[in-house]
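On a predicted model such as this, the values are computed, not experimentally measured, just so you know. Hydrogens, waters and symmetry mates play no part in the numbers below; they use all other heavy atoms, side chains included.
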Amino acid sequence: MLRSLFSKRAGTGLLAAFLCTTEFAQAQEAKVTRIDPPNWWTGMEHDTVQLLVYGENLAGVEPLFDPPGPTILRTQLGASPNYLFVDVHIGPGVKADNYRLLFRSLRDEVSTFFPIMDRAPREERHQGFNQDDVIYLIVPDRFSDGNRANNNVNDAKLYQEYDRSVPGAWHGGDIQGVMDHLNYFDELGVTTLWLTPVLENAGKSSYHGYAATDYYRIDPRFGSNSLYAEFVESAHSLGLKVIFDHVNNHCGVDHVWVKNQPTQTWFNGSLEKHDTDGHNLPAVHDPYAAPGELEKMRRFWFVDQMPDLNQQDRYVARYLIQQTLWWIEQSGIDGIREDTYPYSDAEFGVQWVRAILREYPALNITGESWGTTAFTALFQEGCQLPRNFNSELPSVIDFGFMMAMERYLKGQEGLLAIYQRLSEDYFFGDPDNLVSLLGNHDTPRPIFIAGGNAGRYRVALHILLTTRGIPQIFYGEELGMMGGESHVQLRQDFPGGFPDDSRSAFTASGRTDAENAMFTYMQNLLQLRARHPALRHGELRHVRPDWDGGYYAYGRYHESGNLLSVVNGSEKAQEVPYRFLLPLLGNAETRGKGDAVLLRNLRSGQSITFGPGDLLPLNAYQGELYEILR
């Protein structure tokens, strides 16, 4: 006997489909071709799993486990007899086993297997990320080809387009290629690796990974599920963390769901009829938004090749939550970067975050929320602005910081732009847990924005790596890679990552003089950041630059020692007067009293006495760090 549960939202359509197909299906042979998720674990907080069963003629079948163990609570036919939802409870008494899952009908019986596994030990897994870390963002296809055999995969499902001479095609980089260079990341001094999505993307020009066509499969051109878990374990063995790039908002147009939806409301719209061009993010908080603007923003298709998932459908919501938990447990990752966070349903976002942090309290999650500082702040938990929705996201990406840096790099504004941006941190619930950046996989590279001005770029790097927050750098920024305007230009191949490259920038001998100079500059900053807790956890205090924003100064104050950062962002040498720096000198009790102090330069090791009437010289585009000694 089939046990059915019909929701208010989708129940009428599902019931009609059930009544129309049951009699016919009972005369047909049932088939089961796939189950999502493919397995689960004992001891999970999320101990009731909703299986999405794919197949044929599933109307009228009754699932049961052999041997007994997991409890089937209810079943629900999907929008067609190709889908069946099965709720399974994995209670405390259930032991790990490869359970046979039977599907019986009046006519026949088919079976598959659903493994229940013991959870892996918690040590070295799910560590989270914080201001002790520096994130290194990689587009795997453009980084390093570690396995040439997977460049052309014999898989009819995948659009075959490996060709390094075509900018928008697949270039062959993969997970093995990232693994081959783990020592490079350790040498540079970054602590955390963020790979753009590596799930299967079957469609054309989908090397970027943001149009998933299988939520439980690593794209075979990148590797395999087991290789990804091995990558995380190998990274952990070197003290590196891993962030998983995740997408709740949309999938790829080549996903099997698009032509055969599991429920009638699985997507917002359909392939034939859907909203487009709804990038009206201000509608989230706009007091003057016309009726329907917010709804359109939540429901439109990002592009026609990326169908919009409807998280208000409770089956979609459950699927996405479980899929996220599955990858965390399966791979041992330390954090999540959530793509296009504001575009998904806000209530679902809270459910999703709660489910993750309930299961993995140490994990950190950062959300992509493009916009002004105030807009970005709306999506971090503890936001100090009034808002008409709830958000419990622990971290967000600080695009306001990036935009201020962009204005400086372009020469449109001086360092006053950075000061003004940081002065807006009161909007945020936790400024230290913001991910700060100069650019990413969607923006022109910072040295390109600066018109090739390496001095301006070094100033930006200095501030990024010595102020508050969690710095993120994009692969190749350590070399001063130039890129270009378009996505395919800025996501250029890393020199030396591919077998036919003429040189390798992974080694000092393979880098140009300019690349080595930039690498060493960033490496030294990262070493200073690692060596001095004040640069990671210190209280931040700054003084307002002059209107021309030529120089800027801020202090980082910590029980381990107080540091002073002084930056000349102009093309001319500057002399910074004692009176300008006075509010930053000393400790909380003595700061600003007008006494001479002893400053030790953290780069050179030289010490100077600095007091009333003195000037601190800085060359053009120079940033210096000093320890404040009494």
Side-chain angles (χ1 to χ4, degrees), residues 7 9-10 13-14 36 52 78-80 83 85 196-197 199-206 208-216 245-286 289-324 336-353 367-371 375 378-379 389 391 393 442 487:
S7 69
R9 181 175 295 136
L14 294 176
D36 291 344
L52 175 55
S80 78
Y83 298 105
F85 295 95
T196 54
L199 298 185
E200 179 197 278
N201 276 234
K204 185 178 180 180
S205 300
S206 58
H208 49 75
Y210 289 98
T213 52
D214 189 330
Y215 278 86
Y216 284 94
D245 201 338
H246 187 264
V247 188
N248 279 321
N249 183 65
H250 52 264
C251 66
V253 74
D254 295 286
H255 200 295
V256 66
W257 295 333
V258 176
K259 294 182 179 179
N260 188 8
Q261 298 188 38
T263 69
Q264 292 180 338
T265 54
W266 197 262
F267 292 111
N268 289 313
S270 65
L271 186 62
E272 297 75 23
K273 185 179 180 180
H274 56 266
D275 289 335
T276 58
D277 193 24
H279 293 275
N280 184 15
L281 285 172
V284 170
H285 61 88
D286 182 4
E293 286 296 298
L294 177 58
E295 183 70 7
K296 182 179 180 181
M297 195 279 290
R298 298 280 195 206
R299 297 177 61 86
F300 87 109
W301 288 27
F302 207 75
V303 295
D304 288 338
Q305 292 74 37
M306 294 179 179
D308 198 64
L309 291 165
N310 176 21
Q311 299 90 21
Q312 290 185 357
D313 181 312
R314 62 191 179 97
Y315 295 99
V316 173
R318 188 81 168 270
Y319 185 96
L320 293 171
I321 288 170
Q322 291 180 170
Q323 181 262 351
T324 310
I336 292 173
R337 178 265 186 185
E338 183 58 31
D339 185 67
T340 56
Y341 187 81
Y343 292 94
S344 295
D345 181 72
E347 184 178 339
F348 160 76
V350 172
Q351 298 172 6
W352 180 76
V353 169
E368 179 193 33
S369 53
W370 280 86
F375 179 84
L378 291 172
F379 296 93
F389 64 94
S391 180
L393 198 62
D442 288 326
H487 281 175

Residues which pass ring pair (Phe, Tyr, Trp, His ring centres under 6.0 Å) with [X], listed by chain and number, not counting sequence neighbours:
X	answer
W257	Y215, H255, W266, Y319
H487	none
Y341	none

Item checked: Reported CZ-to-CG distance for the pair F267 and D308, which is rounded to 0.5 angstrom -> 9.0 Å

Notebook entry, point to check: What residues form a side-chain contact (heavy atoms from CB on, under 4.5 Å) with P197, not counting sequence neighbours?
Noted result: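 P197 satisfies side-chain contact (heavy atoms from CB on, under 4.5 Å) with Y210, D245, V247 only.
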
Next item on the list: Please list, chain by chain and in numerical order, all residues satisfying side-chain contact (heavy atoms from CB on, under 4.5 Å) with H279, sequence neighbours excluded.
Entry: D277, F300, F302, Y343

Check: With distance as the sole criterion, is a donor-acceptor pair present between the side chains of D36 and Q323 under 3.5 Å?
Finding: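 On atom types as modelled, these side chains do not qualify, holding no pair under 3.5 Å.
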
Checklist line | N248 and S344: side chain donor to acceptor below 3.5 Å | finding: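 Side chains of N248 and S344: no pair found under 3.5 Å.
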
Heavy-atom side-chain proximity of [X] to [Y] below 4.5 angstrom:
X	Y	value
I321	Q351	yes
L294	V284	yes
F389	L378	yes
Y315	L52	no
F348	V316	no
W301	D275	no

Between [X] and [Y], which heavy-atom pair has the shortest distance, and what is it?
X	Y	result
E368	P342	O-CD, 3.1 Å
V258	P307	CG2-CG, 3.8 Å
P262	Y83	CA-CD1, 3.4 Å
R337	D339	NH1-OD1, 3.0 Å
H274	G269	CB-CA, 4.4 Å
D345	Q311	N-OE1, 3.0 Å

Donor-acceptor contact below 3.5 Å, side chain [X] vs main chain [Y]:
X	Y	value
T340	N249	no
N310	T265	yes
S206	N201	yes

Margin query: Test side chain to side chain contact (heavy atoms under 4.5 Å, CB included) on W352 and H246; report intermediate values, then the result.
Written below: CA-CA 12 Å; W352 180 76; H246 187 264; 3.8 Å; yes

Notebook entry, point to check: Going by the salt bridge (charged side-chain N to carboxylate O under 4.0 Å, His left out) test, which pairs reach into residues 290-303, not counting sequence neighbours?
Noted result: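 Counting only pairs at least two positions apart or across chains, the salt bridge (charged side-chain N to carboxylate O under 4.0 Å, His left out) contacts touching residues 290-303 are E295-R299.
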
